[in-house]
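Only one structure is covered here, and it is reproduced in the block below.
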Amino acid sequence: MSNKRKYRALRGTVDVLPDIQPQWHHVREVMISVCERYGYGQINTPILEDYNLFVRGVGEVTDIVEKEMYVIKDKGGDELALRPEATASFCRAYLEHGMRNKPQPVRLFAVMAPMFRYSRPQAGRLRQFHQLNVEAIGDQDPITDAEIIGLCWQIFHELGLSDITIQLNSIGDGECRPNYVHALQSYYEQQLSQICVDCKKRMERNPLRLLDCKESRCQPVIEAAPRSTTYLCGNCENHFSHLTKCLNEMAVPFKLEHRLVRGLDYYTRTVFEVQTLAEGGQNALGGGGRYDGLIEELGGTSTPGMGFAIGIERVIINLIRQGIEIPKPPPPQIFIAHIGPNAKISAVALSTNLVRSGVANILGPAGKSLKGQLRQAGNIGVSYVAIIGEEETRRNIVTLRDMTQHDQIEVPIDYLPQHLSSKQT
Ligand code: AMP
């Protein structure tokens, strides 16, 4: 009996195969284009970070840190984490590279950044997934919140995803949120017989998260719960009303959603989430908010920040679900069919010369009949096939078949790259 082990991609991780690459490429291009038009600069931060960066930055009592973070002890005994999110890394980089001395806000983005969370895999929820992360650090004015939300909206607009909404809320700041949390806890004290076991735990540990419990028995309790916007202090109220004014002026549609609190500890004031209306799977495509306390938490001087993340896999699922056409890369221009041992050598040399002249080509497989190779060329959709047999090799030519005109000519093999590049537009 064979004891060969079959290796498979780990649970919650996927291979992104060539067939789906046009979607990934398109999404990446749209995201970069919108970010750059808004003046954001690209940054890449390491996947491995100090474990404590996320404990401090995301919050100890969050699902991400408590249950989902991949923690690694390296050979030197240091505790590291595979990053579960990017905001803490951006803020670390902002501090580490003295970006405070640049004009504020510092506008940064990272695209196709892999993130790792140990959660139960399901449609649209992976253990390794990818995000676009956009952050504007160093400005607390509501125009920055509006810019960030506008940028996020513009990406979905340019991707052609139509069935989405932006949900918006303000959860106040260090001054007014304690009053709100107190009101929420007092309200829930009266509802103990109605709520689920998890919510009983949340009441002490993470009271804001009471509002995004998914248990059906908790829904009426949430609906009637006190709303954070009722408890905003003057400054937070002012900030929020300026933000909504800006968004209206920018024609960015949004819906006020009093249940929206978001999962991470560091948010202050503005929180928002992009949801798809489509049924099934995970319907949060992206989200973010303001985190005015985070940089201080990470050891810097008090510095405001605002940003969001979009989940790439979920965007792609929705592009496919909505049947949105993606520009496909053109097929290679020419297929090189070859028959015989000498022709094979000429063929591989020709392929390289074509590449060097900028002509995309596919080298036919060795040992396959001409008929089989022509069929393969037809399936790929190339415009030309270069046929090299023993006769062509001897005469240093190729028989060049035009697949659309259905005619063929002889071309000196050394002249073929020039001949084809002159036909490219
Ligand atoms: P978060 O960092 O939790 O605010 O997530 C931002 C976005 O990343 C979400 O709206 C999702 O689109 C995406 N996302 C978060 N967790 C996962 C996951 N486990 N698998 C796939 N996408 C995810």
Side-chain angles (χ1 to χ4, degrees), residues 9-14 16 20 23-24 27-28 31 45 47 49 53-54 57-59 62-70 81-91 109-135 148-149 151-153 155-156 159 161 163-169 171 206 208-209 212 214 257 259-268 270-278 280-291 294 305-321:
L10 296 173
R11 211 161 110 75
T13 72
V14 293
V16 182
I20 193 89
Q23 273 86 353
W24 280 72
V27 168
R28 181 172 190 278
M31 287 175 165
T45 60
I47 288 170
E49 292 270 12
L53 176 69
F54 301 110
V58 178
T62 54
D63 282 354
I64 289 187
V65 169
E66 274 191 333
K67 301 185 197 151
E68 299 179 352
M69 198 147 71
Y70 281 88
L82 293 181
R83 65 175 174 212
E85 61 99 53
T87 307
S89 299
F90 275 45
C91 291
F109 76 98
V111 69
M112 304 294 174
M115 303 292 156
F116 303 84
R117 292 183 195 171
Y118 188 80
S119 50
R120 200 164 52 79
Q122 49 186 279
R125 189 188 298 160
L126 295 161
R127 289 180 175 170
Q128 176 177 340
F129 59 99
H130 298 78
Q131 286 185 337
L132 165 75
N133 308 99
V134 181
E135 313 287 347
I148 282 276
I149 296 172
L151 189 164
C152 183
W153 171 254
I155 287 174
F156 287 102
L159 284 170
L161 284 173
D163 68 342
I164 62 154
T165 59
I166 291 184
Q167 302 187 339
L168 184 68
N169 195 14
I171 54 172
N206 204 344
L208 284 185
R209 299 304 304 272
D212 59 16
K214 300 288 178 286
E257 174 52 72
R259 295 159 166 242
L260 184 64
V261 288
R262 309 248 334 126
L264 314 184
D265 261 8
Y266 52 58
Y267 288 110
T268 49
T270 311
V271 288
F272 74 103
E273 196 157 283
V274 181
Q275 300 257 351
T276 163
L277 304 174
Q282 303 290 319
N283 56 7
L285 300 186
R290 178 163 277 289
Y291 45 87
L294 178 57
M306 168 80 197
F308 70 85
I310 293 178
I312 308 287
E313 284 85 353
R314 292 192 194 169
V315 166
I316 290 174
I317 290 171
N318 280 280
L319 285 176
I320 295 170
R321 181 153 50 191

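Just so you know, ligand 1 is whichever comes first in the structure, and atom 1 is the first atom listed for that ligand.
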Checklist entry - Under 3.5 Å, side chain of Arg314 to main-chain N/O of Gly124, donor-acceptor pair present? => result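 Yes; at least one donor-acceptor contact below 3.5 Å.
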Next on the checklist: Under a 3.5 Å distance rule, please check whether Lys214 uses its side chain to pair with a backbone N or O of Asp212 as donor and acceptor.
Outcome noted: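 Checking the backbone N and O of Asp212 against the side chain of Lys214, a donor-acceptor pair under 3.5 Å is found.
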Item to check | Audit row: Leu319, Leu161, side chain to side chain contact (heavy atoms under 4.5 Å, CB included) steps and yes/no | outcome: CA-CA 7 Å; Leu319 285 176; Leu161 284 173; 4.0 Å; yes
Checklist entry - In ligand 1, which numbered atoms sit nearer than 4.0 Å to a non-hydrogen atom of Gly124? => result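 Those of ligand 1 that fall under 4.0 Å from Gly124 are 20 (N), 21 (C), 22 (N).
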Next on the checklist: Out of all atoms in ligand 1, which are within 4.0 Å of some heavy atom of Leu126? Include the element for each.
Outcome noted: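 Ligand 1 atoms under the 4.0 Å threshold to Leu126: 18 (C), 19 (N), 20 (N), 21 (C).
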Checklist entry - Does Pro114 have any side-chain contact (heavy atoms from CB on, under 4.5 Å) partners at least two apart in sequence or in another chain, and if so, which? => result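 For Pro114 the side-chain contact (heavy atoms from CB on, under 4.5 Å) partners, ignoring immediate neighbours, are Ile47, Arg83, Phe116, Gln128, His130.
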Item to check | Glu313 heavy atom under 4.0 Å from ligand 1 | outcome: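 Per 4.0 Å heavy-atom rule, Glu313 does not contact ligand 1.
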Checklist entry - Who gets closest to atom 2 (O) of ligand 1 by heavy atom: Arg117, Glu85, Gln122? => result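 Among Arg117, Glu85, Gln122, the closest heavy atom to atom 2 (O) of ligand 1 belongs to Arg117.
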I want to know if ligand 1 touches [X] in the polar sense, i.e. an N/O pair below 3.5 angstrom.
X	result
Gly286	yes
Ala284	yes
Phe129	no
Leu285	yes

Next on the checklist: Applying side-chain hydrogen bond (donor to acceptor under 3.5 Å, both in side chains), can you list everything that pairs with Arg125, at least two apart in sequence or on another chain?
Outcome noted: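 If we apply the side-chain hydrogen bond (donor to acceptor under 3.5 Å, both in side chains) test to Arg125, skipping adjacent residues, there are no hits.
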Checklist entry - Can you tell which of Val315, Ile316, Val16, Ile312 makes a side chain to side chain contact (heavy atoms under 4.5 Å, CB included) with Gln23? => result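 When side chain to side chain contact (heavy atoms under 4.5 Å, CB included) is applied between Gln23 and each of Val315, Ile316, Val16, Ile312, only Ile316 qualifies.
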Next on the checklist: With a heavy-atom distance limit of 4.0 Å, tell me whether Gln131 approaches ligand 1 through its side chain, its backbone, both, or neither.
Outcome noted: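 It is the side chain that gets close, since no backbone atom is under 4.0 Å.
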Checklist entry - Can Thr276 and Asp163 be counted as having a side-chain donor-acceptor contact under 3.5 angstrom? => result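 Yes, a side-chain donor-acceptor pair sits under 3.5 Å.
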